[in-house]
Amino acid sequence: MNFWFAVIRQTGRNLRQTWSSQVMTFLTVSLSVLIFAFFSLIYTNMIGAGDRLTDDLSLIVYLEDEPGEAMKEQLRRKILNFDEVEELRFISREEAYERFAKQLGENSDVLLDMPTDFLPASIEIVPLKSLRGYSQIKLFSEYLTSLPGTEKVQYGQEWIERFYHFVRLLTIVVILSGTLLILTATFMVAYTIRLTILGRQDELELLKLVGATNSYIQTPFLIEGILQGLMGSVIGLIALYGLFQWISTRFTGPGILNLFQFDFFSPLILIAIVLASISLCAFGSYTSIRKFLQI
Amino acid sequence: MEMEAQENTVQQKLSGNNMIEMIKVSRSYPPDIQALKDISFSVETGEMFFLIGRSGAGKTTLLKLICNMEMPTNGLIEVAGYNINSLKGKDLALLRQRIGVAYQDFKLLNDRTVAENIAIAMEVSYKKQRAIKQRVRDLLDQLQLTSKHDLLTGELSRGEQQRVTLARSVANSPRLILVDEPTGNLDSTTTEKVMDLLTRSNKAGATIVIATHDASIYENSNKRIMELRDGMIHSLVRGNTI
Ligand SMILES: Nc1ncnc2c1ncn2[C@@H]1O[C@H](COP(=O)(O)OP(=O)(O)OP(=O)(O)O)[C@@H](O)[C@H]1O
Ligand SMILES: [Mg+2]
């Protein structure tokens with residue numbers, strides 16, 4: 001008979017003896033994995049959507065007056081002083097008018113009575129890809145506002161602001177649910193293993209007396225923790241995948257999900273979640289072993 | 001490899017001259033119970049040794065000290081050449097695998113079958129499953145418990161439990177067997193069976209220490225008999241000379 005045979009049989013005995021609390025622990029672990037993974041999934045998708053959204057972001061700086069060549073050069077220098085940009089284009093009042101007329105198309109005759117310079121001149125700036133964080137864009141826009149002769153900077157502030165506010169909220173939720181996962185996984189596993197250990201004091205005592213090595217006695221409890229972590233996370237993630245499928249079939253058609261192109265986790269992240277759950281549960285069982293299995 | 005080497009040195013020491021060596025050993029319990037006082041004696045390897053004395057004389061305490069279930073308050077105890085109180089971890093486990101103990105309070109797992117209870121002693125040293133089954137059957141046969149193989153030990157009579165405990169203590173063919181009151185609940189025929197089993201183990205090379213009240217099992221032997229009285233050695237004589 002070898003070590004692993006003995007250890008696995010002992011693990012089976014432990015699981016059978018405390019199966020009801022094992023089931024409870026297993027459910028708690030998978031539920032917390034489900035909750036955590038659910039919010040992380042939304043979070044990563046939001047971040048992805050945010051990236052795509054800011055991909056075609058441009059800032060428009062409205063100017064008080066039509067700038068002369070010298071002024072243009074000065075503005076260009078000042079803007080480039082702050083940061084390199086992807087694209088920088090001056091739009092004169094004339095151009096703005098023509099564009100607007102083009103946009104109106106057939107209805108462009110409403111403009112007939114208007115002077116061709118009723119629209120302000122502006123600068124269109126496409127920032128560098130590296131400057132795509134919300135706070136950086138905001139800083140940039142504040143800088144642009146402070147330039148001489150600028151009236152107003154526009155880049156869909158409200159929309160972006162709301163979006164990033166939501167993402168910030170989501171970050172907190174992900175952190176909270178991650179903490180929940182850590183606490184429940186470690187505590188529940190530590191608790192059930194403590195239950196098993198206390199329920200078998202006699203046997204553990206006897207095993208020591210007949211010369212069982214520490215690893216012979218401890219390994220089954222460690223395996224129990226690892227199993228809880230593995231099973232809990234796998235089932236939790238399978239449940240999440242089911243939920244994901246259900247949501248994506250139910251909400252096809254025009255809507256926010258189509259806009260955002262909702263993706264499931266990559267295999268690498270799935271593995272990372274499972275491994276994290278296993279290590280947490282193993283840690284939980286380890287603390288119980290340390291505390292209650294004085295050898 | 002390392003484990004084998006470790007086991008080899010345990011093996012060598014186990015076949016040394018003295019299996020048990022006690023020098024000025026005392027054991028007291030709070031508040032001021034002196035269970036053992038100044039005990040010095042040794043048991044040779046391969047010997048069968050009787051430990052007698054009235055109830056409360058300290059027999060069980062002495063056996064517990066030998067198998068390191070308890071620590072002496074004072075003195076030195078060597079088992080197989082090892083200072084048993086300084087052994088730890090794997091070394092202690094390996095030595096314990098070579099010491100079989102039949103406890104006065106049995107220490108059986110009452111929710112396990114008779115066969116499982118006996119097997120535990122062999123499982124911890126990773127004996128083959130087939131060998132374990134065979135050995136369990138043999139022992140139950142010798143102790144007339146064959147029909148109890150699959151019963152839970154909690155359902156047995158005390159005399160039967162006592163024999164299961166004995167079977168567990170000898171199952172792993174240990175080099176040292178400590179038996180505490182092995183015949184207390186047994187009739188004379190069964191007592192004989194128990195003594196036969198112990199004698200056979202002894203002939204096979206095991207050192208055996210038997211603590212008992214039962215004069216019938218030692219009075220006609222030529223083994224050494226040590227009598228404790230109030231925690232002290234009252235006499236140490238060879239049988240047939242009393
Ligand atoms: N854990 C303990 N705490 C306090 N006193 C103890 C403890 N164990 C044993 N004693 C005391 O030590 C003395 C010796 O006890 P021990 O069990 O060794 O006697 P014994 O010779 O085995 O008796 P018996 O023949 O009845 O089994 C007794 O007086 C007992 O009360
Ligand atoms: Mg006793």
Side-chain angles (χ1 to χ4, degrees), chain A residues 1-23 192-224 226-227 282 285-295, chain B residues 3 6-7 10 63-64 66-70 79 84 87-103 105-112 116-133 135 153-154 165 168-172 174-178:
Chain A
M1 194 172 78
N2 66 38
F3 177 74
W4 288 108
F5 177 81
V7 159
I8 286 164
R9 187 182 47 191
Q10 193 67 18
T11 311
R13 279 181 188 148
N14 291 352
L15 294 179
R16 238 175 301 143
Q17 180 172 323
T18 51
W19 69 269
S20 52
S21 53
Q22 300 287 352
V23 169
T192 35
I193 285 178
R194 184 181 143 236
L195 221 74
T196 320
I197 291 174
L198 293 183
R200 347 192 59 172
Q201 283 296 348
D202 288 355
E203 184 185 351
L204 297 173
E205 189 59 35
L206 181 74
L207 281 174
K208 277 187 239 173
L209 289 176
V210 295
T213 54
N214 285 353
S215 48
Y216 184 97
I217 297 176
Q218 295 176 347
T219 314
F221 295 108
L222 213 56
I223 291 184
E224 188 180 319
I226 290 171
L227 275 181
S285 75
Y286 182 75
T287 54
S288 261
I289 291 169
R290 284 270 100 157
K291 213 155 158 198
F292 298 101
L293 258 190
Q294 263 116 23
I295 299 181
Chain B
M3 181 149 165
Q6 246 173 344
E7 232 159 337
V10 170
L63 294 185
K64 282 180 177 169
I66 294 172
C67 66
N68 198 24
M69 252 182 89
E70 289 189 11
V79 175
I84 192 148
L87 278 184
K88 277 200 286 293
K90 196 164 214 164
D91 293 329
L92 180 60
L94 284 176
L95 187 62
R96 276 178 163 168
Q97 287 177 16
R98 313 301 283 154
I99 302 176
V101 187
Y103 303 92
D105 57 356
F106 307 153
K107 297 197 190 301
L108 294 172
L109 305 175
N110 289 329
D111 54 348
R112 301 278 188 85
E116 284 172 335
N117 265 280
I118 299 172
I120 285 178
M122 300 178 78
E123 285 168 1
V124 295
S125 56
Y126 313 124
K127 292 289 186 318
K128 291 215 168 57
Q129 206 57 33
R130 256 215 346 255
I132 294 178
K133 283 206 177 105
R135 178 80 172 140
T153 48
T165 308
R168 186 183 61 197
S169 73
V170 302
N172 202 26
R175 307 304 301 156
L176 172 60
I177 302 172
L178 308 174

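The basis for the numbers below is simple: all heavy atoms, side chains too, and nothing from hydrogens, waters or symmetry mates. These numbers were taken from a predicted model, which means no experiment stands behind them.
Using a 30° and 60° split on the angle between ring planes, B:Tyr126 and A:Phe3 fall in the perpendicular class, above 60°.
Between the CZ atom in A:Arg13 and the CG atom in B:Asp111 there is a gap of 9.5 Å [rounded to 0.5 Å]. In this structure, A:Glu205 CD and B:Met69 CE are separated by 6.5 Å, a value rounded to the nearest 0.5 Å. With rounding to the nearest 0.5 Å, the separation of CZ in A:Phe5 from CD in B:Glu123 is 8.0 Å. The CD1 atom of B:Ile120 sits 5.5 Å away from atom CD of A:Glu203, with the distance rounded to the nearest 0.5 Å.
Between chain B and the residues A:Leu209, A:Val210, A:Asp202, the largest count of heavy-atom pairs under 4.5 Å involves A:Leu209.
A:Leu198 meets the side chain to side chain contact (heavy atoms under 4.5 Å, CB included) test with A:Arg194, A:Gln201, A:Phe292; sequence neighbours excluded.
Residue B:Arg96 comes nearest to A:Lys208 through the heavy atom pair NH1-O, 3.2 Å, listed as atom of the first residue, atom of the second, then distance. The heavy-atom pair separating A:Ala212 from B:Ala93 by the smallest distance is O-CB, 3.8 Å.
Proximity to chain A (any heavy atom under 4.5 Å) is restricted, for B:Arg168, to the side chain, taken from C-beta onward. If you measure heavy-atom distances from A:Leu206 to chain B, the contacts under 4.5 Å come from the side chain alone.
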